[in-house]
Protein chains: 2
Amino acid sequence: MHSCVSSVPIFNHLEKEQMAEIMDMVQSLIYKKGEILYHAGDPSDSLSIVNKGKIKIYRLSESGKEQLIRILHPGDFTGELALFTETIHEAYAEAMLETHVCIIKRADLHTLLLRYPTISFKILAEFAARLEQSEKQTTNLATEKVEKRIALYLIECLGEGKDLKQPQEIKLPMTKKDLASYLGTTPETISRKLSDFEEQGYIEQKPQNKMKVWGHALAELTR
Amino acid sequence: MHSCVSSVPIFNHLEKEQMAEIMDMVQSLIYKKGEILYHAGDPSDSLSIVNKGKIKIYRLSESGKEQLIRILHPGDFTGELALFTETIHEAYAEAMLETHVCIIKRADLHTLLLRYPTISFKILAEFAARLEQSEKQTTNLATEKVEKRIALYLIECLGEGKDLKQPQEIKLPMTKKDLASYLGTTPETISRKLSDFEEQGYIEQKPQNKMKVWGHALAELTR
DNA sequence: CGGGGTGTTGATGGACGTCAAGCCGGGTGG
DNA sequence: CCACCCGGCTTGACGTCCATCAACACCCCG
């Protein structure tokens with residue numbers, strides 16, 4: 001039990017005894033598909049680490065539209081925003097399927113950070129990476145047309161080290177509806193653009209949100 | 001000299017002797033208007049704290065458009081993104097006028113954070129706030145029309161505690177060109193929408209990017 | 001006084017959001 | 001195991017928001 005502690009990036013550099021200490025502070029929880037971990041407006045007093053499953057983080061805009069921010073996979077954590085600023089959550093977190101999480105209370109976390117400053121480094125690195133990612137997303141939304149945003153997303157899905165010259169099969173990690181929300185567009189437009197891509201020979205669509213992708217061809221689009 | 005250390009949020013909770021220690025690690029620099037602090041692609045090996053002046057942080061999109069991310073005022077810092085992740089800068093930083101900054105090398109900062117873990121809390125809080133802000137901006141870009149984004153921005157300019165019922169005079173902290181870049185639109189559109197607002201009696205434009213704003217009227221628009 | 005960058009205004013077209021109708025697939029309950 | 005049904009997805013027609021291009025006014029700075 002509590003196996004999450006040893007497998008989580010922010011802790012896995014510690015010694016065994018230290019991990020044992022952390023495990024005592026940790027609480028385990030299971031959410032069913034569709035369950036909400038927290039609402040916008042909830043006070044935020046704990047850090048949640050995903051152990052198994054998937055969680056989607058989204059916001060509601062002023063006008064009530066849902067905007068997907070990020071999907072958490074095992075090893076990822078959330079609670080960040082309000083944990084260090086004494087405010088409330090501004091986002092929503094929902095389990096996409098049965099999901100196991102470990103929870104650490106804010107007070108316990110503070111104790112830990114004081115005792116083991118290296119944990120702070122890990123969290124700082126994670127925050128910096130997310131900030132980077134978020135700003136990139138902002139820039140894409142602000143300056144690129146939908147077609148390019150979709151192309152960039154697909155290329156991102158291919159992963160880093162891959163050889164773009166070979167077509168690769170990928171599976172979208174979410175529904176097209178969610179993808180639309182993430183990319184700031186509509187399901188209709190996603191559908192149409194993907195058909196276009198297919199017509200142009202950039203991709204080949206398969207059932208269940210899978211597709212074969214010619215990365216180097218798509219990359220042309222993003223010029 | 002090095003007065004920045006004592007006036008900066010991330011350090012000002014420390015004792016006098018500790019501050020003295022920090023001052024030894026700090027280096028002072030002055031940039032002239034238009035000078036670049038760093039380019040995208042530069043290795044990032046120091047934290048810069050603004051002491052006096054203004055710095056604008058922007059990115060170039062895939063297609064080469066400039067996107068304004070944020071403006072740093074005295075007390076703000078930058079360098080964050082790459083400082084903790086061993087990567088390179090992805091953004092540009094440019095002095096908007098003569099600007100004094102204090103610099104701490106990455107290695108020195110790490111030493112500090114290990115010795116005084118409370119500094120990490122301050123930085124974590126700042127990162128969390130920026131992340132929050134960045135995600136909100138993303139959501140606005142993804143889901144709101146230009147008119148609403150502008151209205152929301154103006155309301156933000158009014159500041160928090162103010163009484164929306166009274167018209168207030170504000171001065172935009174940047175040119176309309178930069179504002180357009182920040183809000184993901186064009187100077188032409190900004191100009192037109194502000195004229196619209198004026199016609200509707202929501203604002204009254206004055207020279208030098210100043211204007212009188214009826215906050216509660218604008219707030220209606222954001223429904 | 002002159003010039004470069006900012007700001008304004010107009011005309012135009014294209015990208016994409018919206019509404020509507022229908023399809024399909026898989027999850028549920030009988 | 002089949003039938004149903006709901007939600008996701010697709011396709012089409014249509015309208016509109018806003019970027020783009022171009023021309024010019026403005027204003028601060030040198």
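Atom set for the values below is all heavy atoms of this structure, side chains included, hydrogens, waters and symmetry mates excluded. On a predicted model such as this, the values are computed, not experimentally measured, just so you know. The sequence lines fix the lettering, A, B, ..., with proteins before strands; numbering per chain opens at 1.
- Within 6.0 Å of the NZ atom in B:K171, the count of heavy atoms belonging to other residues, nucleotides or ligands exceeds 12.
- Contact between the side-chain N/O atoms of A:T189 and the OP1/OP2 oxygens of C:dC16 is not found at any separation under 4.0 Å.
- Between A:D196 atom CG and C:dG14 atom C1' the separation is 14 Å, expressed in whole Å.
- Taken over five-pair windows at either terminus, the axes of the helix from C:dC1-D:dG30 to C:dG30-D:dC1 are inclined to one another by 50° (rounded to 10 degrees).
- The pair B:K122-B:E126 does not meet the salt-bridge criterion, since no charged nitrogen lies less than 4.0 angstrom from a carboxylate oxygen.
- A:K148 comes within 4.0 angstrom of no nucleic acid atom, judged by non-hydrogen atoms across all strands.
- Contacts of B:K193 with the nucleic acid, taken as non-hydrogen atoms under 4.0 Å apart, involve only primed sugar atoms and P, OP1 or OP2.
- Around the NZ atom of A:K148, the shell of radius 6.0 Å holds more than 12 heavy atoms that belong to other residues, nucleotides or ligands.
- A:T143 places a side-chain N or O within donor-acceptor distance of the main-chain N or O of A:T139, the cut-off being under 3.5 Å.
- Applying the 6.0 Å contact sphere to NE2 of A:H73 captures more than 12 heavy atoms from other residues, nucleotides or ligands.
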Check the interface with nucleotides 6-8 of chain C: list each N/O to N/O pair with the protein under 3.5 Å, or write none.
| residue | atom | partner | partner atom | Å |
| --- | --- | --- | --- | --- |
| C:dG7 | OP1 | B:K176 | N | 3.0 |
| C:dG7 | OP2 | B:K176 | N | 3.3 |
| C:dG7 | OP2 | B:K177 | N | 2.9 |
| C:dT8 | OP1 | B:K176 | NZ | 3.3 |
| C:dT8 | OP2 | B:S191 | OG | 3.1 |
| C:dT8 | O5' | B:S191 | OG | 3.2 |

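- Rounded to a whole Å, the CZ atom of A:R192 is 15 Å from the P atom of C:dA20.
- For B:K54, the NZ atom counts as densely surrounded, since its 6.0 Å shell holds more than 12 non-hydrogen atoms of other residues, nucleotides or ligands.
- Counting 5' to 3', DNA chain D first comes under 4.0 angstrom of a heavy atom of chain A and last does so at the ends given by D:dG8 to D:dA13.
- Atom CE of B:M96 and atom P of C:dG5 are 17 Å apart (whole Å).
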